[in-house]
Amino acid sequence: MQTKLADFIKDTPEGQEAEEILRACVHCGFCLAACPTYQLLGDELDSPRGRIYLMKQVLEGAPVTEKTQLHLDRCLTCRACETVCPSGVRYGRLVDIGRDIVEKRVGRDISSGAMRYILRQVLPKPGIFKALLKLGQSARPLLPLLPSRLRDSLPPSHTEHPHLSFWPPARHPRRMLVLDGCVQPALAPNINAAAARVLDRLGISLIKASSAGCCGAVSYHLNAQQEGLDYMRRNIDAWWPYIANQPGTEAEREASVEAIAITASGCGVMVKDYGHLLSRDSEYAEKAVRISEMAKDISEIIDAENQTLLALLNRVSIPDSEPKLAFHSPCTLQHGMKIRGAVEKILTTAGFQLTYVPDAHLCCGSAGTYSILQPELSEKLLANKVEALQSGAPARIATANIGCLMHLRGGAVLPVDHWIEILDEKIRRDDEKAHAASCRDEAEL
Ligand code: SF4
Ligand code: SF4
């Protein structure tokens, strides 16, 4: 695509990056069929090609209007278009740059601006979010601060069984850090605990860095990009003492880790991008690259321990003896991190049958804060996704990201859980069976 960027942007790093991306697009339109919003709305301007054209106009100095902003707002940033693009157009990066410019030019009306501000103040701050969640669980109708979509999907307050919160002590020489994240510890604390238990059985201890928190995605994708970068820097500072060969106390050196495990794919894709996003920060650039290299989705970690997992599962497992599952692969997993088939392989290895899910490449409509900011489109995508997931008559739905999990729970009649929780349950059941078998053997002697 020919480009002639305007003076305000052409010599900036963002302008140069955007120009390189724009020039890669050959306007072929292969991406249209993969785009959920184009499927729903049938408007070229709500397709990747149309949005690329809009952003080209903005970057070339054309007037920016609220209509431009609307079409960019409607984009889920699901990056399904990147997966199918034969020219390797990095649409996700382009839309980050385009949105930032449009936001500065057009602004927001008071209610939209206030909603975005509240989301940025509440979601990335676990203490505030947890307090509001508790309030919401005890007095749902009295909680005007939480958006209705989020309020509707609040989990009921209940006392968890102690085994679900059990976090094994750090007993192995192999250690990994875990990203605690922002909303996940309050909404589904079992997910990271389940990951810790599974990894413990595979000979790896999972540890937390207490001062790490939100990965920065919430602010960054709400066009508060500097705020998002500050969250990233805070996490790097929190994790750095655990990275091998770094100066620090003896205790910190002993606790050096081989990876940063992430159980929410929405956070994983962001942490893997720290190196790129902080590349112009002279203080953090090098560290950010290292952190991104060490960031692993939990499926990559478990997949790499396949032999140990197989030995653990083969004690009592009967192939295909587990209930049918439908797996929803989040966009951040399949399109963002380009991890495809790993979770499916692990679950199949564990004896679960996976049902066929039509249109598995399409977004469920969660997309970070999209379900709150674009509720109508999000609801339609949710209804389509739930129908697709339930079409193979599974007993349960598995996914790999807290946002998708909560969103799907709001629409599905079946239970929806993170796949690592399902694997953890399976290992625990196997333990009980193995224990019962050994008791029987002893009784027979
Ligand atoms: S598929 Fe890629 S090259 Fe073709 S129009 Fe879409 S973004 Fe451009
Ligand atoms: S990121 Fe998703 S919603 Fe946005 S243009 Fe690409 S396919 Fe469409």
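Just so you know, ligand 1 is whichever comes first in the structure, and atom 1 is the first atom listed for that ligand. What you see is a predicted model, and the numbers here were worked out from it, not measured in a lab.
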Requested in this report: Identify, by atom number and element, the atoms of ligand 1 in contact range of His27, meaning under 4.0 Å from any of its heavy atoms.
Outcome: 5 (S), 8 (Fe)

**Report entry** Tyr91 and ligand 2 - part of the residue with a heavy-atom distance under 4.0 Å
**Finding:** side chain

Query raised in the report: Can you list the atoms of ligand 1 that are under 4.0 Å from a heavy atom of Gly29?
Result: 4 (Fe), 5 (S)

Query raised in the report: Hey, what's the ring geometry for Trp239 with Tyr274, parallel, tilted or perpendicular (30° and 60° as the breaks)?
Result: parallel

Requested in this report: Indicate whether the side chain of Lys125 and that of Gln121 have a donor and an acceptor atom separated by less than 3.5 Å.
Outcome: yes

Requested in this report: For ligand 1, note which part of Ile52 has a heavy atom under 4.0 Å away: side chain, backbone, both or neither.
Outcome: side chain

Report task. Could you check atom 3 (S) of ligand 2 against the protein and tell me its nearest heavy-atom contact, residue, atom and distance included? Result -> Leu76 N, 3.4 Å

Query raised in the report: Using a distance-only test with no angle check, is there a side-chain donor-acceptor pair under 3.5 angstrom linking Arg23 and Thr3?
Result: yes

Report summary line: At under 4.0 Å between heavy atoms, what of Val95 touches ligand 2? The answer is neither

Report summary line: atom 8 (Fe) of ligand 1 has as its nearest protein heavy atom Cys25 SG, 2.4 Å

Query raised in the report: With a 4.0 Å heavy-atom cut-off (strictly under), which part of Ser87 contacts ligand 1: side chain, backbone, both or neither?
Result: side chain

**Report entry** Flag for Glu44-His71: side-chain donor and acceptor within less than 3.5 Å
**Finding:** no

Requested in this report: Show which atoms of ligand 1 fall inside a sub-4.0 Å distance from at least one heavy-atom site of Pro86.
Outcome: 1 (S)

Query - Cationic tip of Arg105 above Phe8 ring, under 6.0 Å, 45° of axis - result: yes

Query raised in the report: So do the side chains of Met115 and Arg108 get within less than 4.5 Å of each other, counting heavy atoms only?
Result: no

Report task. Could you list the atoms of ligand 2 found under 4.0 angstrom from a heavy atom of Arg79? Result -> 1 (S), 2 (Fe)

Report task. Measure from atom 4 (Fe) of ligand 2 to each N, O or S atom of Cys35 and report whether any distance is below 2.8 Å. Result -> no

Query raised in the report: Is it the case that Arg340 and Thr83 place a side-chain donor and acceptor less than 3.5 Å from each other?
Result: yes

Report summary line: Looking only at protein heavy atoms, what sits closest to atom 6 (Fe) of ligand 1 is Cys31 SG, 2.3 Å

Query - Any donor-acceptor pair under 3.5 Å from Ser47 side chain to Leu32 backbone - result: no

Query raised in the report: Have Asn190 and Arg197 got a donor and an acceptor in their side chains that come within less than 3.5 Å?
Result: yes

Requested in this report: Report the nearest protein non-hydrogen atom to atom 4 (Fe) of ligand 2: residue, atom name, distance rounded to 0.1 Å.
Outcome: Cys75 SG, 2.3 Å

Query raised in the report: Which atoms of ligand 1 have any heavy atom of Cys85 under 4.0 Å away?
Result: 1 (S), 2 (Fe), 3 (S), 7 (S)

Query raised in the report: Just which atoms of ligand 1 are under 4.0 Å from any heavy atom in Cys28?
Result: 1 (S), 3 (S), 4 (Fe), 5 (S)

Report task. Determine whether the side chain, the backbone, both or neither of Arg51 has a heavy atom under 4.0 Å from any heavy atom of ligand 2. Result -> side chain

Report task. Please tell me if the side chains of Leu377 and Leu76 come closer than 4.5 Å, counting only heavy atoms from C-beta onward. Result -> no

Query raised in the report: atom 2 (Fe) of ligand 2: which protein heavy atom is closest, and how many Å away?
Result: Cys78 SG, 2.3 Å

Requested in this report: Would you please say whether a donor-acceptor pair under 3.5 Å links the side chains of Thr263 and Gln184?
Outcome: yes

